[in-house]
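Everything below concerns the one structure shown next.
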Amino acid sequence: MSSDLVKKAIRGNKKAFEKLILLEKNKLYRMAYLYVKNENDALDIVQETIYKAYLGIKNVKETGYFSTWLTRILINTAIDFIRKNQNLIQFEDLERIPIQDQYLLEESMDLLDAVTNLEERYKTVILLRYYNDFSLKEIANMLDCPEGTVKSNLHRAINHLKSVLKRECI
Amino acid sequence: MSNSFSKLKSEIDKIEIPEDRLQQTIKLGIQKGRIESRNPSKHFIYFSAAAVVAIGLFFGSAVISPTMGKIAAKVPLLGHLFDTRPIGAIIADELLQKGYQISGAGGGTGEINVRIAGTREYFDSIQEDVTTIVQEILDRKGYETYQFELVHINETPIDMPEEWKEAQAESLKVKEALREDFLLFDVYAGYNNNTKHFVVEIPKTETRAKEIEFAANEALQSMVTSKYTLEVRERVFTPIEFVSKLSEILTLEKKLQYKTATFYAFPVQEGKSNHFPDSYEGYEEVAITVYLSIPKSQWNTMESKKIRNEVEEMVREFYHSKEIAPFLSLPLSDIVIDSYENIEEK
């Protein structure tokens, strides 16, 4: 990513900001989609993220952190979205899947499904580490928590995925 | 494991992108941001004389602080750091000094307009140079986030009116007169609609505002024969302004001595290690934490250890100096000097 472009965007150049967003748009959408699992909500999250980024871009002090910063906004927005909409889940969605069916469902899951179904905090670390390729330190900074917490969440997430994907060799 | 996770990446990348809807979403997000960021701005055009530069405070602090004094001795014009005239006045001065035909410079929250007088051809010929100059001033003075617009106005350029020069000289005299008895941040003058407008900036801790106003009026009445207005204004450095001044000092100092280190200074929210709040909703700075970064490549050298200690000392002296402290309302909670791998080296 061009640091000149980021600098321009920080200085208020709208076209530079738009170009940066276009470079990141697919990643933003896919991340959002993995949190909410449907197109409409994912687009809402992307829109809110861009809006927040537009207002906050002037506060980015180091051009090298743009991508980290933007991803952080997306994650916070997605998690906020999920929390706000938790009360709106339809009753039928909450019905329990019979144990046997649940087992079959898990067996047929692929890795992507398994990641999508992870609890938010585990999903977040897996995506940041293996989809965005951020270092543990960067993730810790982004999530505002100690590096040790990131490591242990990552470890738990991997163990959980292992247990879910019994037939996969993770 | 790594194979499975590399597979994860390719699986995620297979998630279909609704191209048209995503484009529309991006447009709407930006549009919403634009609407939100357009605050009504007060347009007051300040003019001031190029020849007169407000100095003094820095040299005042240089007397009491050996570290700051060392810097001041090396940079005789460092006083511009404490030039608190409105940014429009600073820009107008510099452009006039360089001989550009302008009819004004000013703006409001987050915006700066510079009005270029003369023909369209003239505007086209100088547009690029003026943009560079103004952008450089905005960066230097910590206004890099301001939106800047160059406007062509087909009107008579400013010819440094006598009243304007007078107002500057008068503001300096008021400053000198008041400084004997009061701690001031600055006194400066604007000129608009044939009226001189004087602003006296005092610290938050000052309880004698009425007395200062009376003394300033007394000094002005003995000098100013034309119409004028006077405003005594409380001046508080926000953490961002404080850190912006620090950045200027460190940048200048780097040029002088710390050739190998690159510092960035910014305030952070109390209790948070992250530098970039993603939203200012509920964001409240309760203390100033100065965060300085040195590139990883320079982190482990002996030289950088020395630099770190010196810079930390400088920040503390700057914060506690008797000239700066009364203008700060938040405590200095910490100075964090750290290194970053991916920091951009300048």
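Quick note on labels: first sequence line is chain A, next is B, and so on, each numbered from 1.
From A:Leu127, atom CG reaches atom CG of B:Leu8 across 7.0 Å, with rounding to the nearest 0.5 Å. To the nearest 0.5 Å, atom CD of residue A:Gln47 and atom NZ of residue B:Lys27 are 13.0 Å apart.
At a threshold of 4.5 Å between non-hydrogen side-chain atoms, the residues A:Lys25 and B:Ile26 count as touching. You'll find the side chain of B:Thr25 stays beyond 4.5 Å of the side chain of A:Asp44, heavy atoms only. Counting only heavy atoms from C-beta outward, the side chains of B:Gln23 and A:Leu22 approach each other to under 4.5 Å. Between B:Arg21 and A:Asn40, the closest side-chain pair of non-hydrogen atoms falls below 4.5 Å. Contact check for B:Ile30 versus A:Lys14: no side-chain heavy atoms found under the 4.5 Å cut-off.
Heavy atoms of A:Leu34 lying under 4.5 Å from chain B belong exclusively to its side chain. Only the side chain of A:Glu48 comes within contact range of chain B, with at least one heavy atom under 4.5 Å from a heavy atom of that chain. With a 4.5 Å cut-off on non-hydrogen atoms, A:Asn132 does not touch chain B at all.
Applying the ring-ring contact (aromatic ring centres under 6.0 Å, His included) criterion to B:Phe123, with sequence neighbours excluded, gives B:His152. Partners of A:Tyr33 by side chain to side chain contact (heavy atoms under 4.5 Å, CB included), not counting sequence neighbours, listed by chain and number: A:Tyr29, A:Ala42, B:Ile15.
The local environment of CG in B:Asp20 is sparse, with at most 12 non-hydrogen atoms from other residues, nucleotides or ligands closer than 6.0 Å. Under a cut-off of 6.0 angstrom, the local environment of NZ in A:Lys19 is sparse, with at most 12 non-hydrogen atoms contributed by other residues, nucleotides or ligands.
Here B:Glu16 does not pair with A:Arg30 in a salt bridge; the nearest charged N to carboxylate O distance is not below 4.0 Å.
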Full working for side chain to side chain contact (heavy atoms under 4.5 Å, CB included) between A:Val115 and B:Ile12: CA-CA 10 Å; A:Val115 169; B:Ile12 295 176; 5.7 Å; no
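With chain B as the partner, the residue from A:Asn26, A:Thr49, A:Ile21 showing the most heavy-atom pairs under 4.5 Å is A:Asn26.
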